[in-house]
Chemist: 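Structure provided below as structure tokens; questions to follow.
Quick note: residue numbers are just sequence positions, from 1. Reckoned from all heavy atoms, side chains included, excluding hydrogens, waters and symmetry mates. Here the structure is a predicted model, which means the values were calculated and not measured.
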Amino acid sequence: MRKLLMILLVVTSSAAAANAPYTSLRPVARPGTATDTAAIRRVGLFESLRPKSRDRKSRAERRLARKGAVCGDIAIQGIAVGRVPGRIKGCGIDGAVKVRSVSGVTLSQQAVMDCATARALKSWIDRGLKPAVGKRGGGIARLRVAAHYACRTRNGRKGARISEHGKGRAIDISAITLRDGNEISVLKHWGRGKNGRILKKMHRAACGPFGTVLGPNADRYHRDHFHFDTARYRSGSYCR
């Protein structure tokens with residue numbers, strides 16, 4: 001009789017184990033249990049490892065700044081200046097930068113401007129200046145900067161409106177120095193030979209990146225340089 005009872009108990013236990021769901025073999029996390037606490041910690045760890053977009057951007061900007069980049073572009077090298085107050089009403093720059101080179105092309109003097117103008121200069125150098133010069137003289141080494149930020153009226157005339165130079169939105173270029181030491185000068189070469197044709201190409205290419213493009217054909221004030229600024233007009237870029 002005792003043997004029969006033992007056999008029945010074994011059979012019953014085996015059947016119950018066979019019919020139990022597989023999930024019964026896994027620990028169930030209940031609120032407040034050690035298993036639940038560990039799971040929460042793991043989730044928190046994964047969340048902390050996810051880089052935030054703002055953090056990524058600020059780290060990238062710091063890395064660029066350490067390399068000498070300004071305006072968030074490694075191709076624009078210089079230093080951040082910040083606010084530049086004007087000595088007369090209408091002058092001054094918010095967030096000014098002092099640019100020393102753009103896309104590998106050195107400026108003859110560090111030019112103060114805002115970032116919109118620095119980016120326009122980069123666009124012109126990459127898409128207009130370099131293609132226009134090509135391999136002539138081994139390529140471009142330097143831009144001769146005739147003027148950049150200056151708190152003054154247009155063309156220095158008394159009573160005239162504030163120049164875009166006075167707002168950090170303009171740069172004047174008088175010549176391009178090539179790697180072999182030769183120079184393409186606006187004053188000497190405009191309208192003359194191959195260098196003259198190169199100058200016309202780069203002048204035409206500036207119309208778009210810049211809102212105003214003036215050269216020797218504009219007036220007597222610009223016979224020896226190109227004036228580029230980022231003023232915008234409803235009718236589009238003004239190019240002469």
Chemist: When clusters are formed by joining ILVMFWY residues with side-chain heavy atoms under 4.5 Å apart, either directly or through shared neighbours, do Val97 and Ile173 land in the same one?
Modeler: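 Val97 and Ile173: one cluster.
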Chemist: Inspect the surroundings of CZ in Arg232 and state if more than 12 heavy atoms from other residues, nucleotides or ligands are less than 6.0 Å away.
Modeler: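 Correct, the count exceeds 12.
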Chemist: Check the hydrophobic clustering (I, L, V, M, F, W, Y; side-chain heavy atoms under 4.5 Å; chains of links allowed) and say if Leu199 and Val105 are grouped together.
Modeler: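 In one cluster with Leu199: Val105, yes.
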Chemist: Between Ile184 and Leu178, does the side chain to side chain contact (heavy atoms under 4.5 Å, CB included) criterion hold? Intermediate values first, please.
Modeler: CA-CA 8 Å; Ile184 302 174; Leu178 304 178; 4.3 Å; yes
Chemist: Heavy atoms only: give me the nearest Gly86-Cys91 pair and the separation to one decimal.
Modeler: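 For Gly86 and Cys91, the tightest heavy-atom pair comes out as CA-CB, 3.7 Å.
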Chemist: Using the rule that two of Ile, Leu, Val, Met, Phe, Trp, Tyr join whenever any of their side-chain heavy atoms come within less than 4.5 Å, decide whether Trp190 and Phe228 are in one cluster.
Modeler: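 Result: yes, single cluster for both.
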Chemist: Decide side chain to side chain contact (heavy atoms under 4.5 Å, CB included) for Thr230 and Glu164; before the verdict, give the C-alpha distance in whole Å, the side-chain angles of both, and the deciding distance to 0.1 Å.
Modeler: CA-CA 8 Å; Thr230 50; Glu164 294 302 313; 5.7 Å; no
Chemist: Counting C-beta onward and ignoring hydrogens, is there a side-chain heavy-atom pair between His148 and Val99 closer than 4.5 Å?
Modeler: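 No. Closest side-chain heavy atoms not under 4.5 Å.
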Chemist: Starting at CZ of Arg100, measure out to CD of Gln77 and round the result to the nearest 0.5 Å.
Modeler: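 If I round to the nearest 0.5 Å, the distance is 5.0 Å.
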Chemist: If you round to the nearest 0.5 Å, how far is CZ of Arg169 from CG of Asp229?
Modeler: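 Rounded to the nearest 0.5 Å, the CG-CZ separation comes to 9.0 Å.
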Chemist: So which atom in Tyr233 and which in Thr212 form the shortest heavy-atom distance, rounded to 0.1 Å?
Modeler: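 Looking at all heavy atoms of both residues, the closest pair is OH-OG1, 2.8 Å.
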Chemist: If you measure from OG1 on Thr106 to CG on Leu143, what distance do you get to the nearest 0.5 Å?
Modeler: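 Going from the OG1 atom of Thr106 to the CG atom of Leu143 covers 9.0 Å.
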Chemist: Applying side chain to side chain donor-acceptor pair (under 3.5 Å), run through Asn182 and Arg136 and close with a yes or a no.
Modeler: CA-CA 10 Å; Asn182 288 314; Arg136 188 170 180 78; over 6 Å; no
Chemist: When you group the ILVMFWY residues by side-chain heavy-atom contacts below 4.5 Å and let the links chain together, are Trp124 and Ile198 in the same group?
Modeler: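 Per the 4.5 Å side-chain linkage, Ile198 and Trp124 are co-clustered.
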Chemist: Are Ile171 and Val70 connected in a single hydrophobic cluster, I mean Ile/Leu/Val/Met/Phe/Trp/Tyr linked by side-chain heavy atoms less than 4.5 Å apart?
Modeler: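 Yes; tracing contacts between hydrophobic side chains, which count when under 4.5 Å, links both residues.
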Chemist: Hey, does the side chain of His165 reach the backbone of Tyr149 with a donor-acceptor pair shorter than 3.5 angstrom?
Modeler: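 Here the side-chain-to-backbone pair does not exist.
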Chemist: Taking atom CG of Leu107 and atom CZ of Arg142, what is their separation to the nearest 0.5 Å?
Modeler: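 Going from the CG atom of Leu107 to the CZ atom of Arg142 covers 10.0 Å.
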Chemist: Taking atom CG of Asp94 and atom NZ of Lys167, what is their separation to the nearest 0.5 Å?
Modeler: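 Result: 13.0 Å between the selected atoms.
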Chemist: Working to the nearest 0.5 Å, report the span between CG of Leu187 and OG of Ser174.
Modeler: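 Atom-to-atom, Leu187:CG and Ser174:OG are 9.0 Å apart.
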Chemist: For residues Ala96 and Val112, report the shortest heavy-atom separation together with the two atoms involved.
Modeler: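 Result for this residue pair: CB-CG1, 4.2 Å.
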Chemist: Determine, for Arg144 against Glu183, whether the closest basic-nitrogen to carboxylate-oxygen distance falls under 4.0 angstrom.
Modeler: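 Yes.
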Chemist: Give me the ring orientation class for His222 and His227: parallel if the planes are under 30° apart, tilted from 30 to 60°, perpendicular past 60°.
Modeler: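 Plane angle over 60°, so perpendicular.
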Chemist: Please confirm whether the backbone N or O of Val145 pairs with a side-chain atom of Gln109, one donor and one acceptor, at under 3.5 Å?
Modeler: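 It does hold such a pair.
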Chemist: Apply side chain to side chain contact (heavy atoms under 4.5 Å, CB included) to Met113 and Ile93, showing your working.
Modeler: CA-CA 8 Å; Met113 63 191 78; Ile93 315 172; 5.9 Å; no
Chemist: Please name all residues satisfying salt bridge (charged side-chain N to carboxylate O under 4.0 Å, His left out) with Lys122, sequence neighbours left out, ordered by chain then number.
Modeler: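 So Lys122 forms a salt bridge (charged side-chain N to carboxylate O under 4.0 Å, His left out) with Asp73, Asp126.
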Chemist: Between Ala206 and Pro209, what is the shortest heavy-atom contact and its length?
Modeler: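 Heavy atoms only, the tightest pair is O-CD, 3.3 Å.
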Chemist: Can you see which heavy atom on Met202 is nearest to which on Ile176, and at what distance?
Modeler: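 What the structure gives for the nearest pair is SD-CD1, 3.5 Å.
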Chemist: Got more than 12 heavy atoms from elsewhere within 6.0 Å of NZ, Lys130?
Modeler: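 Yes - once you tally the heavy atoms of other residues, nucleotides and ligands closer than 6.0 Å, there are more than 12.
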Chemist: Please check this pair: side chain of Arg240 against backbone of Asp219, looking for a donor-acceptor N/O pair closer than 3.5 Å.
Modeler: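 Not a single qualifying donor-acceptor pair exists.
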Chemist: Which atoms form the tightest heavy-atom contact between Gly208 and Ser237, and what is the distance?
Modeler: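 Smallest heavy-atom distance, with atoms named: N-OG, 3.6 Å.
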